[in-house]
Amino acid sequence: MIALRRFFYEFSESFRIAYAQIMANKMRSVLTALGVIIGILAVTLMGTAINGIDRGFENSLAMIGYDVLYVQKWPWANVDDWWTYRNRPRIKTEYAEQINKIIESSRTTELVVAVPQNVHIKTTKFGENQIQGTFIMGTTDEYPLVAQVDLQEGRFFSSAESLTGRPVCIIGYDIADALFPGISPIGKTVQIGNAQAQVIGVLTKQGKFLGLFSFDSQIIVPIAFSKKYFGETENDRVVVRMKDKTRVLEAKEELTGIMRRLRGLLPDQKDNFSINEQQAFKNTIDPIKSGIALAGLFITGLSLFVGAIGIMNITFVSVKERTREIGTRKALGARRRTILMQFLIEAVSICLVGGVIGLLLAYGLSVLIAFTAPDFPISFSLDLVLVGMITSVLTGIFSGFAPAYSAAKLDPVVALRYE
Amino acid sequence: MKMERQILRPKGNLVIRIEGVTKEYKMGEEIVRALRGVSLSIHRNEYVAIMGPSGSGKSTMMNLLGCLDTPTSGKYEFNGKDVATMEDDELAEIRNKEIGFVFQTFNLLPRSTALQNVELPLIYAGVPADERRERALAALESVGLGDRINHKPNELSGGQRQRVAIARALVNNPSIILADEPTGNLDTKTSADIMDVFESLYMQGNTIIVVTHEEDIARHARRIVRLRDGLIESDKMMLEEDFVKV
């Protein structure tokens with residue numbers, strides 16, 4: 001009990017002394033803290049960038065859909081025998097209908113619905129404004145079942161419009177922004193390649209992730225329309241929604257079986273199609289992502305390390321300067337851990353002050369960046385504050401320990417005689 | 001008011017018992033034998049001066065008495081406890097509870113007030129804040145500094161600083177007050193004042209050990225132990241005619 005009480009008294013006394021010490025050496029403390037400020041600022045900004053990349057990545061995954069399988073000619077993973085894939089027959093959009101029939105007749109299916117996608121890149125125009133390389137996707141009215149479709153304005157096309165291939169389209173936020181600056185695009189007719197379609201809906205802004213594809217710059221049209229005017233392509237695919245995203249393997253197996261049946265493959269023949277899902281995509285991206293994070297944190301961590309050396313240096317100086325004081329304290333009954341704690345608290349205090357200032361600066365900068373460059377992937381979070389504070393404390397302990405230990409170990413006789 | 005010598009030594013319990021103590025230091029290649037077998041006993045409510053020229057082992061003696069250091073060989077019992085073989089932190093506890101130090105250079109903490117300086121040993125003893133303040137105030141008042149409690153050392157005169165240091169030495173009710181050249185940095189007048197403080201502390205029943213090389217200062221004590229070349233040269237009770245009234 002008394003030991004615990006003594007610890008608290010010594011602890012608060014150490015804080016009082018640390019405060020007095022910092023106040024008595026303002027310039028020195030500020031300069032030393034500057035190293036930590038820069039270090040924490042760098043690490044935290046890197047943290048916001050990693051956060052931002054993560055979030056952008058998650059957004060992209062959400063766009064792809066967590067519970068959907070893509071039947072495509074090419075796998076998403078890297079391939080080395082390019083030629084065999086090149087020679088695969090393309091995925092016909094009619095498969096979607098056939099798959100749906102099989103799903104309907106099956107009782108134990110893992111699948112919900114299959115939706116075809118006929119994809120093209122075209123130049124789009126409205127009046128004077130034009131966009132090259134717009135991503136055009138022909139699909140059915142069931143598309144909202146396999147992807148996230150949030151409309152800012154208007155509506156999606158109906159089943160009748162889909163079947164008859166009515167010249168209507170839903171445009172992404174960036175398309176609306178570029179082709180119809182300041183006016184509502186609904187009801188306007190937009191030129192897509194050599195065809196024309198009336199805008200009936202506008203998607204809400206989804207934001208983009210670094211260079212990855214964004215749905216903000218795509219146009220969705222009925223598949224009958226896109227096939228009629230632009231034809232079928234090598235990139236056509238069928239997107240199939242699963243019942244349960246935790247049973248991906250079973251769903252994949254079932255879909256593979258259906259596709260082999262449709263393709264009429266014999267048991268000894270290899271699949272001539274690929275079933276892709278976001279996990280495969282994740283598997284490719286994850287190492288890159290963590291590579292960026294590691295390299296970034298290592299480099300910014302170096303600046304924090306330099307800051308820590310500054311703290312260590314100044315704590316050594318402080319111990320040297322106050323050798324007599326240490327001797328006096330020991331003569332009055334301070335034990336080793338009391339002295340150790342006192343100097344650790346001093347080092348940690350400077351680091352904490354530096355850390356708080358660094359975090360404030362990082363927050364300010366992230367707000368500024370978000371304001372001036374909204375597409376830059378940056379995201380400040382409460383986790384970062386916590387991590388930043390813990391890092392500052394650890395930096396203080398790390399850099400303060402050696403000098404504090406040397407102070408604690410001092411022989412009181414030598415320390416008292418020190419000039 | 002002539003007093004008999006015997007009346008001047010109404011000795012209480014044994015506080016310090018040193019027997020055959022030696023202390024050796026390594027100075028480079030050479031071994032320095034600072035103490036070569038010293039035996040000494042000090043009882044409660046004695047007023048002892050330890051004297052000697054430089055190199056006599058006086059400082060080493062003071063470090064050992066103050067439990068700042070341990071002997072190379074020999075016995076040292078403090079209030080019956082064997083301190084010769086104690087570890088650092090155990091010694092720290094003895095210093096905190098049993099010994100009040102007064103230094104030549106005062107050794108006050110520069111950024112703490114008089115009150116905070118006096119409270120420091122109580123912090124290390126784990127005394128609660130209220131009681132700490134009360135006892136520190138009482139100690140400061142007993143040395144006549146009740147009106148200077150919130151002054152920092154640089155706002156006090158040399159004599160006042162030494163009074164704060166004495167208050168700090170007193171505050172934890174130690175078994176001995178150990179003063180190392182307490183007037184070495186003070187002028188004659190202030191020195192006399194400080195010696196008066198020690199005198200009144202002695203009269204109140206405290207045990208006082210003063211380490212000094214000044215005869216004038218030593219003459220305030222009731223017993224003078226002289227060291228030379230690491231040995232006790234003489235150990236005399238003061239006769240009343242030698243005893244100066246300041």
Legend entry - Option that, when pairs with chain B are counted at under 4.5 Å, heavy atom only, ranks first among A:R337, A:R329, A:E325: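 Most heavy-atom pairs within the cutoff with chain B belong to A:R329.
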Legend entry - Part of A:E13 lying under 4.5 Å from any heavy atom of chain B: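 The side chain, not the backbone.
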Inset, instruction - Can you tell which part of A:L4 gets under 4.5 Å to a heavy atom of chain B, answering side chain, backbone, both or neither? - result: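 Answer is neither: A:L4 stays 4.5 Å or more from chain B.
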Any donor-acceptor pair under 3.5 Å linking the side chain of [X] with the backbone of [Y]?
X      : Y      : result
B:R135 : B:V171 : yes
B:Y76  : B:L65  : yes
A:R324 : A:Y418 : yes

Inset, instruction - Go through the side-chain N and O atoms of B:D180 and B:Q104 and say whether any donor and acceptor fall under 3.5 Å apart. - result: no
Inset, instruction - Would you please indicate if the ring centroids of A:Y9 and A:F7 are separated by under 6.0 Å? - result: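 No; A:F7 has its ring centre 6.0 Å or more from that of A:Y9.
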Inset, instruction - Verify whether the ring centers belonging to A:F15 and A:F11 lie closer than 6.0 Å. - result: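 Yes, close enough.
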By a 4.5 Å heavy-atom criterion (distance strictly below it), what part of [X] contacts chain A: side chain, backbone, both, or neither?
X      : value
B:L120 : side chain
B:P174 : neither
B:L68  : both
B:N107 : both
B:A125 : backbone
B:E90  : neither

Name the member of [options] that forms the most heavy-atom pairs with chain A at distances under 4.5 Å.
options                       : result
B:R132, B:E93, B:Q116, B:E119 : B:Q116
B:T105, B:L122, B:L108, B:I99 : B:T105
B:V127, B:L178, B:N172        : B:V127

Legend entry - Pairing of A:R28 and A:E321 as salt bridge, 4.0 angstrom limit: yes
Inset, instruction - For the pair B:E19 and B:K75, find out whether any cationic side-chain nitrogen is under 4.0 Å from an anionic carboxylate oxygen. - result: no
